[in-house]
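The structure appears below as C-alpha cells.
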Amino acid sequence: MSANDKSNTPTTAASGSAPASNFIRHIIEQDLQSGKHNGRVQTRFPPEPNGYLHIGHAKSICLNFGVAQSHHGQCNLRFDDTNPAKESQEFINSIKADIEWLGFHWDGEVRFASSYFDALHGFAVQLINSGKAYVCSLSPDEAREYRGTLTSPGKDSPFRERSIEENLDLFARMRGGEFPDGAHSLRAKIDMAAPNINLRDPVLYRIRHVEHHQTGNKWPIYPMYDYAHCISDAMECITHSLCTLEFEDHRPLYEWILQSLDIETLHAASDSTAPAAEYVLPRQIEFARLNINYTVMSKRKLKELVTEGYVSGWDDPRMPTISGLRRRGYTAESIRNFCERAGVARSAGVVEVAMLEHSIREDLDAAAPRAMCVLRPLKVTLTNYPEDKTETLVLPSHPKSEEMGTREIPFAKELYIDASDFEQIPPPKYKRLSPGVEVRLRGGYVIRCDEVVKDASGTVVELLCSYDPETLGVNPQGRKVAGVIHWVPAKQALDVEVRIYDRLFNKENPDDKNIADYKECLNPESLVILQGCKVEPSLADAAPESSFQFEREGYFCIDRFDSNAERIVFNRTVTLRDSWAKMSS
RNA sequence: UGGGGUGUCGCCAAGUUGGUAAGGCACAAGGUUUUGAUCCUUGCAUGCGUUGGUUCGAGUCCAGCCACCCCAGCCA
C-alpha cells in the first residue's frame with residue numbers, strides 16, 4: 001500500500017502474521033469452544049461524543065473490530081450519549097470519520113444509547129415494580145454524605161423504603177418534567193454498606209432539563225452510564241463487552257442490573273432473532289488503557305489544550321488524536337501496527353513514543369517516494385560549471401522500488417545545500433562539506449569547497465565550489481568521497497513552508513504528581529515554522545496529504561488543510577533515525 | 001485503616017494442564033549502501049516484585065510481605 005493511497009484496508013498485524021495472542025482472545029476462544037454464544041462474537045466500540053478520538057481509542061477500536069473480524073463476528077459503533085450537556089454532533093461526525101479513516105467498518109447502522117431511551121425507561125419501571133429501584137429525594141450533597149467513605153459504610157437513604165406506588169408516581173413525574181434538576185433521582189436498591197462503593201445504591205436516572213443532540217427535548221431525565229451501558233450491550237446481543245480497567249469496580253453493578261431484569265423482556269427488546277433459550281448476557285472484560293510517554297491522553301486535558309489555544313485544534317499535528325496523527329502524516333496502517341505491537345493486557349504501563357515512531361517510519365520507508373528539500377538554504381556556486389548550462393538528472397523515486405518510477409531534477413551552476421551540511425571547522429568523523437573537502441551531491445556530481453563567502457557579521461552566506469565533471473554516476477578514481485549531501489537547483493527549486501513538529505511535552509510523564517500542572521512542561525519548540533525552504537520542482541503538483549521522504553531529513557506530508565497552489569506547506573511527520581546525531585552529541 | 005487490580009530485560013509483551021524464560025521497541029557491535037536512512041548479521045533476563053513453602057523440578061501451585069494503579073460525579 002502506498003503512503004499516498006488513502007484507501008485504508010486493515011490487513012494484518014505488524015509482523016504480517018496473525019494478531020498476537022492476548023488474554024481477551026483466549027477468553028473468546030474458550031467461549032467459542034464451549035459453545036457459550038453458539039459461535040457468535042459480537043463486540044462494540046462505545047465512545048461518548050464529547051471529544052475527538054485519540055490513539056488510546058485506536059487501541060480499543062483495533063481490539064474490538066479486530067477481535068470480531070478474526071472470528072467472523074461483528075462490531076457495532078454505539079455512541080454512549082447519555083450526558084447531552086457535554087456532547088455534540090461535531091464530535092459524532094469526527095468520531096465516525098476517524099474510525100472509517102482507520103479502516104474499520106461497523107456492523108449496520110450507527111447505534112445510539114439514546115435510541116434505547118424508551119426501552120431503558122421501561123426497564124427502570126420494571127426495577128421499581130420488583131422493588132429493586134426507588135426514587136430518592138436526597139440532594140446531591142446529602143447523597144454524598146449518606147454514601148459513606150472508602151473505609152466506612154454508607155447509610156440508607158430516608159427515601160429507601162418508599163412504596164412501589166409512590167416510586168412509580170414520582171418517577172412518572174420526573175419523566176414528565178415536573179421537577180427541577182437534582183430534585184430527585186432513581187436509585188438501585190442494593191447495599192449501602194457494600195465495600196464496593198458502586199454498589200451503594202447507585203443513581204440510575206437523574207433529572208437534566210437539557211436538549212439532547214439526538215432526542216431533542218423529549219427527555220428531562222437521562223440514564224447514567226452504568227445503567228444504560230449494560231442494557232445497551234444486552235440489547236445489541238454483545239457477547240464480549242470490552243472496556244478499560246477503571247470500570248473493573250463497575251462490573252458487579254453491570255451484572256447486578258442485567259440479572260435483576262427479566263431476561264424474557266430483555267431478549268424481546270434485543271436484536272436477537274434466536275430462540276430465547278440461546279440468549280446469553282454479555283460479559284464485561286477490562287484491559288489496560290494505552291499510555292504513551294511525552295504526551296497526555298485524557299480527554300479533559302486534550303480538550304483544555306484545544307480550548308485554551310495551546311494547540312491549533314483537535315487535529316493539531318502535535319495532538320495524540322487520530323485526526324492530529326493523520327494530519328501529522330501518520331498512516332492508518334502505521335497506527336494499526338502500533339496498536340498491535342503495543343499489545344493488550346491488564347497491567348497499566350506506558351509505551352515509549354519510539355514505538356509509535358518506529359511504526360510510521362516502517363510504513364513510510366517502504367511507501368513514501370524520495371525527494372530533496374533544503375530546510376535552511378545555503379547558496380553554492382559551482383565556479384567551473386558553465387553559466388547558462390542546465391542538465392536534467394533523472395533520479396529514482398525510491399531506492400528499492402523501481403515500480404515507483406523516477407523524477408527529474410535540473411542541475412545548474414547555482415544550487416542550495418543545507419546550512420547544517422557545511423562546517424568551517426569540521427568535527428571528528430564529519431562526512432559533509434568543509435573547506436577543501438569533497439562531497440557527493442546526491443544523484444549528481446562530486447564537488448569541492450574552494451572558498452567561503454561571509455557577510456560583514458562573519459556569517460557564511462555562500463560557498464564557492466568546483467565540480468568534477470567525471471563523477472556523474474561514477475566514483476572518482478584514486479580517492480574516496482566520504483559524504484553525500486542533498487541539494488536543490490537554486491533557480492528551479494520551489495519555495496515552501498515546512499512545519500517542524502516535535503513532541504508536545506518535554507517531560508516523559510506530564511501527569512507526574514511532582515508536576516503541579518501538566519501545561520508547565522509543554523515543549524516551547526514543539527512547532528518551529530520554517531519559511532523559504534527549497535524543495536525540488538518535481539513536487540509542484542503533489543496532492544494534499546501525500547507523504548515523501550526528504551532524503552537525510554525525515555518524512556514529510558503535505559498539510560491537508562493549509563497547503564495550496566500559492567503556498568505549499570509540509571508537515572514533518574518524523575525524522576529519519578540519526579546515528580550521527582547520537583554520535584555527535 | 002475498605003474494596004478491586006497489577007507486578008516477566010530500559011519500554012511494551014508472550015509464557016496451554018508445573019519440566020527448565022517468545023517476539024517487538026530501544027540500545028550496542030559488525031557488514032552492505034551515491035540517504036551517517038533502509039537492509040543484513042550478532043549481542044542484550046542462570047532469572048520472572050520479595051521471602052518462605054510444596055515438588056525430582058515453579059515465572060507457572062501455596063502462604064506471608066512489599067510496591068504501584070483504580071474507586072467516595074445525580075461524568076463516561
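The chains referred to below are lettered A, B, ... by the order of the sequence lines, with proteins before strands, and numbering in each begins at 1.
If you take CD1 of I447(A) and P of U34(B), they are 18 Å apart, rounded to a whole angstrom. As a whole-Å value, the separation of E48(A) CD from A76(B) C1' is 5 Å. Rounded to whole Å, the distance from CG on L441(A) to P on U35(B) is 13 Å. For the pair H250(A) NE2 and G3(B) C1', the interatomic distance rounds to 12 Å; values are reported in whole Å.
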**Complete:** With B for base contact, S for sugar-phosphate-only contact and - for none (protein heavy atoms under 4.0 Å), nucleotides 37-42 of chain B reads SBS---

**Letter per nucleotide, 5' to 3', of nucleotides 8-14 of chain B [B base touched, S only sugar-phosphate touched, - untouched; heavy atoms, 4.0 Å]** = --BSSSS

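One finds a side-chain N or O of T82(A) lying less than 4.0 angstrom from the OP1 or OP2 phosphate oxygen of A76(B). The shortest distance between the side-chain N/O atoms of R289(A) and the OP1/OP2 oxygens of U6(B) is not below 4.0 Å. Residue R251(A) places none of its side-chain N or O atoms closer than 4.0 Å to OP1 or OP2 of G5(B). Taking 4.0 angstrom as the limit, R144(A) places none of its side-chain polar atoms (N or O) nearer than this to OP1 or OP2 of C74(B). Between H358(A) and C25(B), a side-chain N or O to OP1/OP2 separation shorter than 4.0 Å is present.
Note on M372(A): nothing from the nucleic acid sits closer than 4.0 angstrom, heavy atoms only. Residue contacts shown for Y205(A) are absent, as no nucleic acid heavy atom lies under 4.0 Å away. Within 4.0 Å of K303(A), counting heavy atoms only, lies no atom of the nucleic acid at all. Contacts of D80(A) with the nucleic acid, taken as non-hydrogen atoms under 4.0 Å apart, involve only primed sugar atoms and P, OP1 or OP2. In this structure, Y445(A) reaches neither bases nor backbone, as no heavy-atom distance under 4.0 Å exists between it and the strands shown. Within 4.0 Å (heavy atoms only), L138(A) reaches at least one base atom of the nucleic acid. Among the heavy atoms of the strands lying under 4.0 Å from V474(A) is at least one base atom, whether or not backbone atoms are also near. R208(A) comes within 4.0 angstrom of a base, heavy atoms only. Contacts of L150(A) with the nucleic acid, taken as non-hydrogen atoms under 4.0 Å apart, include base atoms.
Counting only residues at least two apart or on different chains, the salt bridge (charged side-chain N to carboxylate O under 4.0 Å, His left out) pairs with a member in residues 170-179 of chain A are D118(A)-R175(A), D169(A)-R173(A), R173(A)-E178(A). Legend: salt bridge (charged side-chain N to carboxylate O under 4.0 Å, His left out) pairs involving residues 284-296 of chain A, not counting sequence neighbours, sorted by first then second residue: E246(A)-R289(A), R251(A)-E286(A), E286(A)-R346(A).
Ion pairing between E87(A) and R208(A) fails under the 4.0 Å rule for side-chain N and carboxylate O.
Aromatic ring orientation, H229(A) versus Y254(A): tilted (interplanar angle from 30° to 60°). Between W314(A) and Y52(A), the ring planes lie parallel to each other; the angle is under 30°, not in the 30° to 60° tilted range.
Donor-acceptor pairing under 3.5 Å is lacking for the side chains of N337(A) and S359(A).
Between the side chain of R440(A) and the base of U34(B) there is at least one donor-acceptor pair of N/O atoms closer than 3.5 Å. Counting distance only, with no hydrogens placed and no angle test, the side-chain atoms of D249(A) and the base atoms of G3(B) include a donor-acceptor pair under 3.5 Å.
Paired runs in RNA chain B that reach 3 or more consecutive Watson-Crick or G-U pairs, where each pair keeps both distances under 3.5 Å, cover B:2-7 with B:66-71, B:10-12 with B:23-25, B:27-31 with B:39-43, B:49-53 with B:61-65.
Checked against a 6.0 Å centroid threshold, the rings of H184(A) and F159(A) do not count as neighbours.
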**Request:** Determine, step by step, whether Q89(A) and H213(A) satisfy the side-chain hydrogen bond (donor to acceptor under 3.5 Å, both in side chains) criterion, reporting the C-alpha distance in whole Å, the side-chain angles of both residues, the deciding distance to 0.1 Å, and the verdict.
**Result:** CA-CA 7 Å; Q89(A) 188 63 43; H213(A) 47 97; 4.9 Å; no

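Among A72(B), G36(B), U34(B), the nucleotide with an atom closest to any side-chain atom of I197(A) is A72(B). If you check G5(B), C74(B), G36(B) against the side chain of R552(A), the one that comes closest is G36(B). Checking C27(B), A72(B), G36(B) against the side-chain heavy atoms of T149(A) singles out A72(B) as nearest.
Across the C1' atoms, A26(B) and G10(B) are found 7 Å apart, a figure rounded to whole Å.
Residues satisfying the salt bridge (Lys or Arg N to Asp or Glu O under 4.0 Å) test with R160(A), not counting sequence neighbours, are D156(A), D201(A).
Remark: F247(A) CZ to S241(A) OG distance equals 10.0 Å, nearest 0.5 Å.
In this structure, G73(B) shows a glycosidic angle within 90 degrees of zero, which is the syn conformation.
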